[in-house]
Amino acid sequence: MDNINEEMQVIKTVDENGDEVELKLYDIVNVEGVDYAILFSSDEEINEDSEGILMKMKQENGEYVFETIDDDDEFEAVAKILSEEDECDCEHDCNCHIK
């Protein structure tokens, strides 16, 4: 993960308090036809102990909009799939657990 922090796209969004925040876009995953973004705080160095932010992505007027996942069941289902993917023993990038 040496250069990973420098390579990520920075996303500006508004938090729950209405304040603008900058987040690093780590990855986009598709779970059952819905895109989800894994984001990290832009002022944080990312390592295996870092805690990411999971947001739903929707396309509006040709641009992506990031939304919080309000449904606890949806959040838990996506988080479970992502944690299972982290435990995958494949030797290549795969989508073993993503349908």
Side-chain angles (χ1 to χ4, degrees):
M1 287 194 198
D2 295 334
N3 296 327
I4 196 164
N5 291 288
E6 298 164 10
E7 298 172 6
M8 284 190 254
Q9 181 178 0
V10 174
I11 306 296
K12 291 183 181 181
T13 189
V14 178
D15 68 10
E16 62 273 357
N17 299 323
D19 299 322
E20 186 176 275
V21 293
E22 289 186 354
L23 301 170
K24 294 177 189 173
L25 178 61
Y26 178 75
D27 199 5
I28 297 172
V29 295
N30 187 287
V31 178
E32 297 182 7
V34 178
D35 288 330
Y36 296 91
I38 302 170
L39 305 150
F40 290 91
S41 174
S42 65
D43 59 358
E44 171 183 331
E45 196 68 27
I46 299 172
N47 59 49
E48 61 255 4
D49 295 327
S50 298
E51 194 167 310
I53 301 164
L54 183 61
M55 297 186 85
K56 184 187 290 191
M57 297 175 63
K58 289 191 176 180
Q59 210 168 21
E60 290 181 7
N61 300 323
E63 293 186 15
Y64 278 105
V65 176
F66 296 85
E67 297 179 349
T68 57
I69 304 171
D70 295 327
D71 183 311
D72 291 340
D73 292 335
E74 177 184 9
F75 182 88
E76 291 298 323
V78 174
K80 180 179 179 191
I81 289 170
L82 292 175
S83 80
E84 288 173 354
E85 185 178 82
D86 284 344
E87 297 170 7
C88 176
D89 290 332
C90 293
E91 296 192 15
H92 60 282
D93 290 336
C94 71
N95 293 324
C96 296
H97 303 285
I98 298 179
K99 296 181 183 351

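Basis for what follows: all heavy atoms, side chains included, without hydrogens, waters or symmetry-related copies.
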Kindly compute the distance separating CD1 (Ile69) from CG (Leu54), expressed to the nearest 0.5 Å. 4.0 Å
Could you check whether atom CD of Glu63 has more than 12 heavy atoms from other residues, nucleotides or ligands sitting under 6.0 Å from it? no
Grouping I, L, V, M, F, W and Y whenever their side-chain heavy atoms are under 4.5 Å apart, do Phe40 and Phe75 come out in a common cluster? yes
Before you tell me yes or no, could you show the steps for Phe66 and Met57 under side chain to side chain contact (heavy atoms under 4.5 Å, CB included), namely the whole-Å CA-CA distance, both residues' side-chain angles and the distance that decides it to 0.1 Å? CA-CA 5 Å; Phe66 296 85; Met57 297 175 63; 3.8 Å; yes
Are Ile38 and Met55 connected, step by step, through hydrophobic side chains (Ile, Leu, Val, Met, Phe, Trp, Tyr) whose heavy atoms are closer than 4.5 Å? no
When clusters are formed by joining ILVMFWY residues with side-chain heavy atoms under 4.5 Å apart, either directly or through shared neighbours, do Leu23 and Tyr64 land in the same one? yes
Result for side-chain contact (heavy atoms from CB on, under 4.5 Å) between Leu39 and one of Ile11, Val10, Val21 points to Ile11
Surrounding CG of Asn17 (heavy atoms of other residues, nucleotides or ligands, distance under 6.0 Å), is the total greater than 12? yes
Quick one: pull up NZ in Lys56 and OG1 in Thr68 and give me the separation to the nearest 0.5 Å. 9.5 Å
If you apply the rule side chain to side chain contact (heavy atoms under 4.5 Å, CB included), what do you find for Ile46 with Lys24, and how did you get there? CA-CA 10 Å; Ile46 299 172; Lys24 294 177 189 173; 4.1 Å; yes
Return the CD1 to OH distance between Ile28 and Tyr36, rounded to the nearest 0.5 Å. 13.5 Å
